Protein chains: 2
Amino acid sequence: MSGNRPATSMDVARAAGVSQATVSYVLNDRPGSRISEETRSRVRDAAERLGYVPHAGARTLRTGSSGVVLVAVPDIPQGPLATGLLEELDKELGGRGYTVVQYGARRTKGVAAAKAWAELRPTAVVADASRLTRAGIEVLRAAGVKAIIGMGHAPMDDVPSLLTDHEGVGALAVRHLVERGRDPVVAVVPREEGLREMGLARLRGARSAGVPVTAVDLAFDEAEAAAFVAGLKGGEGVFAYNDEYAMLLLAALHDAGLRVPGDVAVIGCDDLPLARLTRPRLSTVRPDLSAAPARMATLIDRLVRGTACGDVDVWTLQLIERDST
Amino acid sequence: MSGNRPATSMDVARAAGVSQATVSYVLNDRPGSRISEETRSRVRDAAERLGYVPHAGARTLRTGSSGVVLVAVPDIPQGPLATGLLEELDKELGGRGYTVVQYGARRTKGVAAAKAWAELRPTAVVADASRLTRAGIEVLRAAGVKAIIGMGHAPMDDVPSLLTDHEGVGALAVRHLVERGRDPVVAVVPREEGLREMGLARLRGARSAGVPVTAVDLAFDEAEAAAFVAGLKGGEGVFAYNDEYAMLLLAALHDAGLRVPGDVAVIGCDDLPLARLTRPRLSTVRPDLSAAPARMATLIDRLVRGTACGDVDVWTLQLIERDST
DNA sequence: ATCCAGTGCTTATACGTATAACCACCCCCC
DNA sequence: GGGGGGTGGTTATACGTATAAGCACTGGAT
């Protein structure tokens, strides 16, 4: 049973006493094929008995389309938001008959990454926008990829994208701090590779709110946070880039004996589950992703069927006011 | 350029003025093939010019082996530990010529999941042990999967596994609490689906340490945590299942006005980056995964080549003592 | 001159599937 | 008794690749 090679549709055909074509017609129950109910069940029985599983590669070769949606996940450690988004997207696309596959993409990008993806002849590709270059997109198109969707902060002119509204996050956070009467407003920009660009985008948004905003570069490091906090005079409102940085600052402020929000107000972004547990409770900007998976799935499906072109979505932002501001 | 069908090795052959076989020999540079250097470069040029990318499905069909390592990730939200493990594993296997692909596996398990995976004809499968059943394993074997590796807490008798030493975590945590003179020792068992079994395993380990341990069921919920904390008398040592639960308890203890570690000691598990930011700093049990990816990759490679059989790894545990115990 | 060994390719085939095209049969109706 | 139209299949082929087997030629050695 286990030393043998996998059963093929030909094996099933022999076992059921029919031709291989009949097996194919039955198992895919192609509409318009004229096979008697009796033969159908004989074929299905044989397939079950032999443990037949179709060969995706062969099918792809024959039909010219794999039904695979390749998701190239970013290198940045994934939070619960991204994980949840992918899970929902998987469910949506699975329900429409696609096979969702995540591809680790070890640091490659551009044409090199695109070539690796193209080998699988995916029907669609969802990729971190920072991995996509124009030349890479050409490679994918040439390999027959029907739908290409970018995720990230920079709008790609060539492919529809799910954009994170980083500017909006910054603007919303700063407006809130101003409303609460905070005067020097400070925006933290993370120094880490991959986060820095987004930090700068959020800073731009912060500055668009109409008040002067001081930018401060910060690595995710307790000593640096302590040094930053030591320079505060009191009264500041700090937009901490995200909840993780906000938690870093809350700890540093606690160590320095500063009161939140009495001396300094802090606001994060993401509404992480763990960030609800800080004391004081952390105010934050929550990106609402709940509508994204279904819309992405619909868009992919339309692009594959060729009935629609690009469409850019933007997340909805919501301010969650707790105790830290 | 973009309305065309993808270039095949036959197209490359025509462009280079050679046969398709020659193209295959050159691009895979098969040792022992006698092709002149001049022809080789002509072929490579043509391939580059046409943007040729091999068709993985066709190759799989021909060779009978895909080189794909399918990783079926668990449904439980992934922490940085698991993410890091996968990333390293990806790198290791990528370096050995495998293609690592993550498969979302929307809640399916057993035979249904195995059939879905088998369609891709992976060379190896790394799966959450809770998704693997004996029948499922048979399906994979029958589909030609050479290496099957389980991850999780229950040792599978049939496949080698990377085991989390949940018992060890419990035992180590409780021994530490006892050393610090804590008298009633309490172990938290999470109520969430998927976490509960592991919680029970950690509880067994906790009880193997030789002192009486009270178990308490807890959902990840602030109100429940507050109710639990309200029942404490003081002096307790609490093993909180993991860092997230520990943070939940720290918040509840803070709200109740109890001092940590003065009144109650708390220890977690995982050494999450965010958990280093609590005040007091959280003591924890850190699973050391650094050796796992390389060992898993080696094991997979050996199983594929048929030069080795099973081998069970266990993570190394380390106690990190900070301020909460 | 003939044979042998090597070099540099080409020809032919099989992998597993989906589907267009064809075929045999039966029944009914003029 | 012959044509027409449904019913229930079968035969043949192509998808793109890897590789075994063969073939033409060249340059010695016998």
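Because the structure is a prediction, the values reported are computed rather than measured.
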Determine: side-chain N/O of [X] to OP1/OP2 of [N], distance under 4.0 Å, yes or no.
| X | N | value |
| --- | --- | --- |
| Thr8(B) | dG16(D) | no |
| Arg59(A) | dG16(C) | no |
| Tyr25(B) | dT11(C) | no |

Name the closest nucleotide to the [X] side chain, picking from [options].
| X | options | result |
| --- | --- | --- |
| Leu61(B) | dC15(C), dA12(C), dG9(D) | dC15(C) |
| His55(B) | dG16(D), dA21(C), dT19(D) | dG16(D) |
| Ala21(A) | dT17(C), dG8(C), dT19(C) | dT19(C) |
| Ser19(B) | dT11(C), dT7(D), dA20(D) | dT11(C) |
| Ser24(A) | dT7(C), dT10(D), dT19(C) | dT19(C) |
| Thr22(A) | dG16(C), dT7(D), dT10(D) | dT10(D) |

Would you mind classifying the nucleic acid contact of [X] as base, sugar-phosphate or nothing, using non-hydrogen atoms under 4.0 angstrom?
| X | result |
| --- | --- |
| Ser36(B) | sugar-phosphate |
| Val23(A) | nothing |
| Thr39(B) | sugar-phosphate |
| Thr63(B) | sugar-phosphate |

inquiry  = Using whole Å, what does the distance between atom P of nucleotide dG9(D) and atom CZ of Arg30(A) come to?
reply    =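 Atom CZ in Arg30(A) sits about 16 Å away from atom P in dG9(D).
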
message = Here's a test of your reading of the structure: between Arg42(B) and Ala58(A), which maps to the more 5' nucleotide of DNA chain C?
response =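 The residue mapped nearer the 5' terminus is Arg42(B).
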
Is [Y] close to [X] at the side-chain level, that is, under 4.5 Å between some pair of heavy atoms?
| X | Y | result |
| --- | --- | --- |
| Thr164(B) | Met198(B) | no |
| Leu85(B) | Pro293(B) | yes |
| His55(A) | Thr60(B) | yes |

* Which residues satisfy the side chain to side chain donor-acceptor pair (under 3.5 Å) test with Ser9(B), sequence neighbours excluded? ->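 Expected list: Gln20(B).
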
Ion pair Arg295(B)/Glu88(B), N-O distance below 4.0 Å |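 So Arg295(B) does not pair with Glu88(B) through a salt bridge.
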
